[in-house]
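Values in this document were obtained by computation on a predicted structure and should not be read as measured data. Numbered from 1 within each chain, the chains take letters A, B, ... in sequence-line order.
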2 protein chains.
Amino acid sequence: METITENQKVRAAKKLKKMFGHVDLRDTSLICPIRDVMAVASDKWSILIVLYLGYFPVLRFNELKKKVYGISNKVLSERLKHLEGDGYLKRTMYPEVPVRVEYKLTDFGHSYLQKLIELTEWAETHKNCVISNRTSYHGS
Amino acid sequence: METITENQKVRAAKKLKKMFGHVDLRDTSLICPIRDVMAVASDKWSILIVLYLGYFPVLRFNELKKKVYGISNKVLSERLKHLEGDGYLKRTMYPEVPVRVEYKLTDFGHSYLQKLIELTEWAETHKNCVISNRTSYHGS
DNA sequence: CCGGATCCGTCTTGATACTG
DNA sequence: CAGTATCAAGACGGATCCGG
């Protein structure tokens, strides 16, 4: 029976006011933190990549591809480049034969991982709720 | 100088083990909480919709469209349906002339909002970090 | 008018083959 | 092995249309 108290709603409103209150909604660059930062790191594939790199400290390209089941080569390499570009992970290439490339989270990536874990735990504890909502919605 | 301590990493690893440890990676339904639940609610538009509905307790379709700047009719109505279907928000139609339709978060949506706010605060405090990472990456 | 469904051109994704 | 190239399929943005 997880209910949101009025107090929590009020506190949320204050935080949101702090974030949104001074923002000109037309200026996309000002609303940056959510739109811009999150856009790179919050899509479903990036979330999974970061979580798996949190669980397995070091992964190679094809290992990652197996873990993040269903992702295609193209999208994986693209996401990895973006995540590397924004500083979430580090790519290390060992010029052996055959080539070996390793990906691991940076400290910054670990910082983000903490938040993702919280979000995922929320999803874990609420999945049944979502599922029952979903079926009753489609059922009606 | 926000650094992630080794302790935090260890604690993260334990939580991840709990989440991932028993999961057969091939079985998409088991990995549900992240893939399935989050897929609906974690794309950039849904995040913005939930945040704005947290900030403005009640919004009509076109108000929402103005706030969530750049979203198209089609995608907005689609996301709203999904979010409603999973129980994050409630749609109320008043059969006046012209029609009035209001959207507001459910308690479940508010519960999710709490998490999103935390994530957004993280993004807010780390945006400069991302931006500097990004420019140095593209600059090199 | 408002909420949204539809249509269409464009951009993004996905699947698979292929290369250094 | 790590990743591009290629092409098909789907998502998206914008404009328009329509019922209430």
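- Rounded to a whole Å, the NZ atom of K65(B) is 12 Å from the C1' atom of dC2(C).
- Taking atom OH of Y69(A) as the reference point, atom P of dA15(C) lies 10 Å away to the nearest angstrom.
- Taking every side-chain heavy atom of P98(B) into account, dG20(D) is the closest of dG13(D), dG20(D), dG14(C).
- Regarding contacts with the backbone of dA5(C), a side-chain N or O of S77(B) is found under 4.0 angstrom from either OP1 or OP2.
- Atom P of nucleotide dC12(D) and atom CD1 of I71(B) are separated by 9 Å, given to the nearest angstrom.
- Where E102(A) and V75(B) meet DNA chain D, the nucleotide closest to each residue was compared, and E102(A) sits on the side nearer the 5' end.
- Between the side chain of S77(A) and the backbone N or O of K74(A), at least one donor-acceptor pair lies under 3.5 Å.
- One interatomic measurement links the two molecules: CD1 of I49(A) to P of dA2(D), which rounds to 14 Å at whole-angstrom precision.
- Residues that satisfy the side chain to side chain contact (heavy atoms under 4.5 Å, CB included) test with T125(B), not counting sequence neighbours, are absent from this structure.
- Look at R60(B) and you'll find a side-chain N or O under 4.0 angstrom from OP1 or OP2 of dG3(C).
- Here dG14(C) is the nucleotide among dG20(D), dG3(C), dG14(C) with the atom lying nearest to any side-chain atom of S72(A).
- Here R100(B) does not reach the OP1 or OP2 of dC1(C): none of its side-chain N or O atoms lies under 4.0 Å away.
- Between W122(B) and F108(A), the ring center distance clears the sub-6.0 Å criterion.
- Judged by distance alone, with hydrogens and angles left aside, the side-chain atoms of T135(A) form a donor-acceptor pair with the main-chain N or O of I131(A) at under 3.5 Å.
- Here R79(B) reaches the OP1 or OP2 of dC12(D): one of its side-chain N or O atoms lies under 4.0 Å away.
- Proximity note for V99(B) (side chain, C-beta onward) versus dG14(C), dC1(C), dG19(D): the nearest is dG19(D).
- Side-chain proximity of F61(B) to dC1(C), dG3(C), dG14(C): nearest is dG3(C).
- Counting any heavy atom pair closer than 4.0 Å across all strands shown, Y94(B) reaches no nucleic acid atom.
- Atom CD of E96(A) is separated from atom C1' of dC1(D) by 11 Å (rounded to the nearest Å).
- Atoms CH2 (W45(A)) and C1' (dT13(C)) sit 10 Å apart, rounded to a whole Å.
- By the side chain to side chain contact (heavy atoms under 4.5 Å, CB included) test, H110(B) is found to be paired with I4(A), K9(A), L105(B), L113(B), residues two or more places apart in sequence or in another chain being considered.
- Between L76(B) atom CG and dA5(C) atom P the separation is 11 Å, expressed in whole Å.
- Take S132(A) and apply the side chain to side chain contact (heavy atoms under 4.5 Å, CB included) test, not counting sequence neighbours, and it matches no residue.
- For Y103(A), there are no ring-ring contact (aromatic ring centres under 6.0 Å, His included) partners at least two apart in sequence or on another chain.
- Atom CE in M93(A) sits roughly 15 Å away from atom P in dG20(C) (whole-Å rounding).
- Residues E78(B) and K81(A) both approach DNA chain D. Their nearest nucleotides, taken by heavy-atom distance, put K81(A) toward the 5′ side.
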Contact list (N/O, under 3.5 angstrom) for nucleotides 6-8 of chain C vs protein:
none

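- Nearest nucleotide to the side chain of N62(A), out of dT4(D), dA2(D), dC12(D): dA2(D).
- Residues satisfying the side chain to side chain contact (heavy atoms under 4.5 Å, CB included) test with R100(B), not counting sequence neighbours, are R60(B), Y94(B), E96(B), E102(B).
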